[in-house]
Amino acid sequence: MISDMNASDWWKQAVVYQVYPRSFRDANGDGIGDIRGVVSKIDYLAQLGVDAIWLSPFYPSELADGGYDVIDYRDVDPRLGTLGDFDDLVAAAHATGIKVIVDIVPNHTSNKHRFFQEALAAGPGSPARERYIFRPGRGEAGELPPNEWKSSFGGSAWERVDDGEWYLHLFAPEQPDLNWKHPDVRAEFERTLRFWADRGVDGFRIDVAHALAKDLDSLPLEELGRGRGADGLDPLWDRPEVHEIYRSWRRVFNEYEPARFAVAEAWVVPEHQRYYASTEELGQVFNFEFAKAGWRAEDFRRAIEEGLACAELSGSTSTWVLSNHDVPRHPSRFGLPQVAARVHHQLANDWLLRDGATYVEDRALGARRARAALLMEMGLPGSVYIYQGEELGLFEVATIPWDRLEDPQARRTAHGDAVKGRDGCRVPLPWSASDKPAPARWDETFGDGATGSFGFSAPVAGVPRTDAPSAPHLPQPLWYADFAADVQEADPSSMLSFYRRVLALRSELLAPTGDLSLTWMEPEALGAQPDQVIAFERPCADGKTLACVVNFGATDVPAPAGQLLVASGDLAPDGSIPTDTAAWFVC
Ligand code: GLC
Ligand code: CA
């Protein structure tokens, strides 16, 4: 936990906790997590030792994409609370030294957004349509989409409206893409940034930051559909013009004291990440290479080297992410067979597609690796983003019945491949083992939400219960009982206790130095095989040095010099570090 709330560089080495609000905690018993639910857990988050929370969208939404289809960027979904509740959340977080980051979704709105409703009503050729990307179709009667672009969720990226025009949506059809060349669009989002900054929000997470600028005019649309513009660049993703937008946002961030912070979600090649992270633009960018990596030392080594190089070039700090609301939870990923694949998470997604039946998920192994991964991640310079429930060691819920899924990816596809979608990491959190539900009649491995919800829908003092109490919006498996926060709080060997301990050590020893340097310790010097370890040293408090060693190999690795601070599992009797184990030493 950082001490100076007003320091302008608080984010440089922050631990940021991602809250997916609809699944975090439900204060009024309607089955949907809400803002008062987050308020009720601020003490828990403070005890965990996080510096900031990032809230995934809580705005009014029809939930065509888990809230990333925003109807009104400057309000709270009535099912989640009110702006007054939000103000209380900011106050409660700030009172314990926790910063608040909100999610901005600028690439697309909901189709129920005022702008889109106006565009539909005004008809072809109208100024209101200019705020989106409407085009006539091909074919004799315009019955074919303008080109062959595909949506990230599968199917055509174009949808036809009643009057015959087509609009572009890179995600679900309910998420029309905005035209960022339009001054109204730019003004609308600057207004939104100021709205939240004025309410005390400390920073922003920018959704699909690499898609806003598009080239739709340099060649006929049909030709652009083949993937290259006249300038040889991709017409849709990671275009250079996007940076001008973020330079103008930087001017907005700098109107505040301290300047507001932003982090870009930009799935771009590592060499381009730095432009988004520049101090003239958003300031930080997610490095997803950790989240993509298999359990292999060489994958992590490359990810770390690229992350550090990007930070140096941008003048920012690196970010490390193992899980978020878009990827299968990492203890499951690490417990599945590790095979090289064409695209990241191919095996995990295949396992999910078949409801967890195809490969063995070795949970003991996955948990052991997840603990080791945490020591690696928390030892690194820069910011760490953790996803709700990862501190409980939650595994992916692979068996959710298909008719209970919410993610549009499940009904469509992702990038042309059939997938089960992202609901398995979005199941409402287990807070209390004693509120254990009875087995559900429809599948006895799940809880019957009407009889209990592991404390997810527990009453909160001062919050009126809804008239119609209901089950959690996604079903909770009965094995969640073993992961409930209250059970783990009482167990010093639990994942939660481990997270608390490691976060405390990090803020005590590493964060205060402000020194972001890292020195690799080569495997040979440690007596390890090549590619067996990730090992590095960092300067730490009191002029000492912290060494972090993670063993990915099959044989023990001798401990380096220094005093053992913390280990992710038992060390060998002679102090050496076993397979899938990490340890910190100080000297
Ligand atoms: C981002 C979000 C993801 C969402 C997509 C479209 O990638 O993280 O959840 O589906 O944007 O908004
Ligand atoms: Ca609720």
Side-chain angles (χ1 to χ4, degrees), residues 1-19 50-57 73-74 86-87 89-91 93-106 180 186-210 212 242-266 273-287 307 310-321 381-385 507 511-516:
M1 174 81 55
I2 36 113
S3 46
D4 183 1
M5 279 292 282
N6 291 319
S8 58
D9 59 355
W10 63 268
W11 51 270
K12 286 194 167 169
Q13 297 200 70
V15 175
V16 183
Y17 183 98
Q18 180 189 357
V19 173
V50 305
D51 300 301
I53 53 174
W54 144 34
L55 297 157
S56 277
Y73 291 84
R74 297 188 289 272
F86 182 84
D87 293 340
L89 170 58
V90 173
H94 284 175
T96 58
I98 295 177
K99 306 275 187 181
V100 178
I101 296 170
V102 299
D103 214 313
I104 300 292
V105 188
W180 270 89
R186 299 189 59 142
E188 177 72 7
F189 276 88
E190 294 197 4
R191 199 175 146 204
T192 294
L193 295 173
R194 288 196 183 92
F195 177 87
W196 294 110
D198 290 343
R199 288 198 110 83
V201 154
D202 305 282
F204 304 96
R205 177 258 187 196
I206 312 302
D207 189 66
V208 230
H210 55 314
L212 274 49
V242 79
H243 297 291
E244 200 272 309
I245 300 170
Y246 298 133
R247 282 194 282 274
S248 69
W249 287 16
R250 171 51 55 187
R251 292 192 282 277
V252 176
F253 302 150
N254 289 351
E255 289 166 10
Y256 294 86
E257 181 59 47
R260 296 311 189 239
F261 148 83
V263 58
E265 185 216 24
Q273 288 179 0
R274 66 182 168 110
Y275 300 116
Y276 297 84
S278 143
T279 51
E280 305 294 300
E281 299 190 20
L282 295 174
Q284 202 176 52
V285 63
F286 285 128
N287 168 11
C310 161
E312 195 167 328
L313 290 166
S314 61
S316 182
T317 58
S318 334
T319 56
W320 313 106
V321 181
S383 299
V384 180
Y385 286 79
S507 69
T513 70
D515 188 326
L516 296 165

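Among residues two or more places apart in sequence or in another chain, the ring-ring contact (aromatic ring centres under 6.0 Å, His included) test is passed with F286 by W54, F288, Y385. With sequence neighbours left out, the side-chain hydrogen bond (donor to acceptor under 3.5 Å, both in side chains) criterion links D207 to R205. Every residue two or more places apart in sequence or in another chain that forms a side-chain contact (heavy atoms from CB on, under 4.5 Å) with A52 is listed here: W10, V16, K99, I101. Under the rule for a side-chain hydrogen bond (donor to acceptor under 3.5 Å, both in side chains), S316 has no partner lying at least two apart in sequence or in another chain. Among residues two or more places apart in sequence or in another chain, the side-chain contact (heavy atoms from CB on, under 4.5 Å) test is passed with T279 by none. Among residues two or more places apart in sequence or in another chain, the ring-ring contact (aromatic ring centres under 6.0 Å, His included) test is passed with Y246 by W249. Legend: residues meeting salt bridge (charged side-chain N to carboxylate O under 4.0 Å, His left out) with R274, ordered by chain and number and at least two apart, are absent. Not a single side-chain hydrogen bond (donor to acceptor under 3.5 Å, both in side chains) links E280 to another residue, sequence neighbours left out. Listed by chain and residue number, V102, I104, L193, W196, A197, V201, I206, F253, R260, A262 satisfy the side-chain contact (heavy atoms from CB on, under 4.5 Å) test with F204 (two or more places apart in sequence, or in another chain). Taking E255 as the reference, R194 meet the salt bridge (charged side-chain N to carboxylate O under 4.0 Å, His left out) condition, with sequence neighbours excluded. For the side-chain hydrogen bond (donor to acceptor under 3.5 Å, both in side chains) test, no residue two or more places apart in sequence or in another chain qualifies with W320. In this structure D87 satisfies the side-chain contact (heavy atoms from CB on, under 4.5 Å) test together with R199, sequence neighbours excluded.
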